[in-house]
Trainee: 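The structure's right below; bear with me while I get my questions together.
We count residues from 1, following the sequence as given. Just follow the structure's listing: the first ligand is 1, and inside any ligand the first atom is 1. Every heavy atom of this structure was used, including side-chain atoms; hydrogens, water molecules and symmetry mates were not.
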Amino acid sequence: MVATRIRLDDLHQSLTDPVLSSMNFLNEIAERYPNAISFAAGRPFSGVHDTEDLHLDLDAYVAYLKDQKSLSNDQVRNTLFQYGPTKGIIQELIARQLATDENVQIDPASVVVTVGCQEAVFLVLRALRATESDILLAVSPTYVGATGAARMLEMPVVPVRSDAKGIDLTDLVHQIRSARSSGLRPRACYVVTDFANPTGASLTAEARVELVEIASREDILIIEDNPYAMFNGSTTRIPSLKSLDTNHRVVQVGSFAKSCFPGARIGYAVADQVVTGADRPGILADELAKLKSMITVNTSPVAQAMVAGHLLRHDCNLAKANQQSKIRYARNLEGLLRGLERRFGTDDTFRGKVTWNSPLGGFFVVVTVPFQVDDHVLEHSAEDHQVLWTPLRHFYDDPSAANQLRLSCSDLTNEEIEMGLDRLAGLVNEQVSRS
Ligand SMILES: Cc1ncc(COP(=O)(O)O)c(C=O)c1O
């Protein structure tokens, strides 16, 4: 019997897009070199968790359902074991957490609980890509999860330049208007507000206020994705876009991957925009739920229960619950920046040739080197130097990214950071002397 063959050309065009291969490639290379020190993984440190915590989380949620929601044993059992409402079962607690941590006041009805932030991004883009002319704007470079989702939906992404304020607002307005003059309809601008993935850059307070105003004036939405905001080192938190959003211009896509744990795969969308045109006006969250019902039906109630219990056990105050992690990430970032300075900032061979930015929080630093970095150099780095990082070109098409790499320090110890930087310095030394 001849094995079935399917031509890649006969599958969806996004499957040949490098953006879609990017996450797989990075995961796969990490698996192939398990002993390499990885500055590539943007995952949170899981050493703060104990397996026993899962039981405590579940117990806390069950007690809440019984004691505060007056559910019977049968009702609790059905809540956990059955299919559940498409919008989710923990919106009220998410609303409480957003009020506590972000000063964002929302109606729980505007929340859709999703399978990670990734599903929330997909749902929002699916809803907004109504016609061939609908496009997305995104501060460039952009998180691959957002561009990848857009590719799957055949929704073009127009890059918006970033500057010292985190977003070049003049370019944003220019891109909106020039898209419109070409017959396109810019629907939204995707922004990672604080300590962005991949650059570590944050929007200034002024830029946030202005961005929300521009969105109203130019009649677009903002999709705010802000998973690193609470890891703000010793800086003062700047209000999120959603907290400034008096006009329902901001759709917030949220993740509990960094603030609780990624294993739960729980995220959400806050979509409080009024939708007209049906018999009765509704809100965007309900339209997203219709889409969700055809993708994942509903988010696992068991996973929601874990996150809900975690929220309950910490009074819906994740900033406080993450205090220990926050200190760890800040210490790692400081160690990484100091280590870069020691190796590349004072040495005559590298000074001015190897440069990096200095984010004040989050997981990521971008290093610029005097040679091209691509997947081949990464492969060589893994094989011969036992150190992994992420080529920045995975995050955008800009050729100027060809010599930039992203270092993540969230899941490393200080010793690993030091050893990893020694290995990186070995690679840089070798590449510079070859060029
Ligand atoms: C900007 C950004 N958004 C979303 C996510 C992922 O969210 P989730 O794991 O909830 O899908 C990440 C993870 O790396 C990220 O960097």
Trainee: Starting from atom 2 (C) of ligand 1, what is the nearest protein heavy atom, named by residue and atom, and what distance separates them?
Mentor: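 Sorting protein heavy atoms by distance from atom 2 (C) of ligand 1 puts Asp225 OD2, 3.4 Å first.
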
Trainee: Would Arg265 count as being in polar contact with ligand 1, using the rule that some N or O on each side must be under 3.5 angstrom apart?
Mentor: yes

Trainee: Less than 4.0 angstrom from a charged side-chain N to a carboxylate O is my criterion; do Glu379 and Arg32 meet it?
Mentor: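 Arg32 and Glu379: salt-bridged.
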
Trainee: For Glu418 and Arg342, run side-chain contact (heavy atoms from CB on, under 4.5 Å): C-alpha distance rounded to whole Å, both residues' side-chain angles, the deciding distance at 0.1 Å, then the answer.
Mentor: CA-CA 10 Å; Glu418 279 296 299; Arg342 246 185 290 114; 3.3 Å; yes

Trainee: So, does Gly145 sit close enough to ligand 1 that a heavy atom of it is under 4.0 Å from the ligand?
Mentor: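 False for this residue.
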
Trainee: Just jot down the ligand 1 atoms closer than 4.0 angstrom to any heavy atom of Gly116, in number order.
Mentor: 10 (O), 11 (O)

Trainee: Find all atoms of ligand 1 within a distance of less than 4.0 Å from any non-hydrogen atom belonging to Ser255, and give their numbers and elements.
Mentor: 7 (O), 8 (P), 10 (O)

Trainee: For Tyr228 and Phe363, take the angle between the two ring planes, folded into 0 to 90°, and tell me which bin it lands in: parallel under 30, tilted 30 to 60, perpendicular over 60.
Mentor: perpendicular

Trainee: Are Phe122 and Val115 close enough, and set up right, to give a side-chain contact (heavy atoms from CB on, under 4.5 Å), and what steps lead you there?
Mentor: CA-CA 10 Å; Phe122 187 87; Val115 181; over 6 Å; no

Trainee: Please report which non-hydrogen protein atom sits nearest to atom 6 (C) of ligand 1, along with the residue it belongs to and the distance in Å to one decimal place.
Mentor: Tyr143 OH, 3.5 Å

Trainee: Would you check if the side chain of Asn298 reaches a backbone N or O of Tyr83 as a donor-acceptor pair within less than 3.5 Å?
Mentor: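 Pair absent, no side-chain N/O of Asn298 close to backbone of Tyr83.
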
Trainee: From atom 16 (O) of ligand 1, work out which of Phe122, Phe256, Tyr228, Phe364 has a heavy atom at the shortest distance.
Mentor: Tyr228

Trainee: Using a strict cut-off of 4.0 Å, indicate which atoms of ligand 1 neighbour a heavy atom of Val192.
Mentor: 1 (C)

Trainee: Are Lys258 and ligand 1 in contact, using a heavy-atom cut-off of under 4.0 Å?
Mentor: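 Lys258: in contact with ligand 1 (<4.0 Å).
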
Trainee: Using a heavy-atom cut-off of under 4.0 Å, does the side chain or the backbone of Pro227 touch ligand 1, or both, or neither?
Mentor: side chain

Trainee: Which atoms of ligand 1 sit under 4.0 Å from any heavy atom of Asn197?
Mentor: 14 (O), 15 (C), 16 (O)

Trainee: Within the distance-only criterion (no hydrogens, no angle test), does the side chain of Arg237 pair as donor or acceptor with the backbone N or O of Asn232 below 3.5 angstrom?
Mentor: no

Trainee: side-chain contact (heavy atoms from CB on, under 4.5 Å) between Arg185 and Asp134: does it pass, once the steps are laid out?
Mentor: CA-CA 5 Å; Arg185 189 162 65 150; Asp134 293 317; 2.6 Å; yes

Trainee: Would you say Cys117 has any N or O atom under 3.5 Å from an N or O of ligand 1, going by distance alone?
Mentor: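 In this structure, Cys117 places an N or O atom under 3.5 Å from an N or O of ligand 1.
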
Trainee: Relative to the heavy atoms of Gln118, which atoms of ligand 1 are at a distance of less than 4.0 Å?
Mentor: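 Answer for ligand 1: 11 (O).
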
Trainee: For Asn226 and Ser240, which I'm curious about, is there any donor-acceptor pair between the side chains at under 3.5 Å?
Mentor: no

Trainee: Assess whether a salt bridge exists between Asp375 and Arg393, defined as any Lys/Arg side-chain N lying under 4.0 Å from an Asp/Glu carboxylate O.
Mentor: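 A salt bridge is absent here (no side-chain N lies under 4.0 Å from a carboxylate O).
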
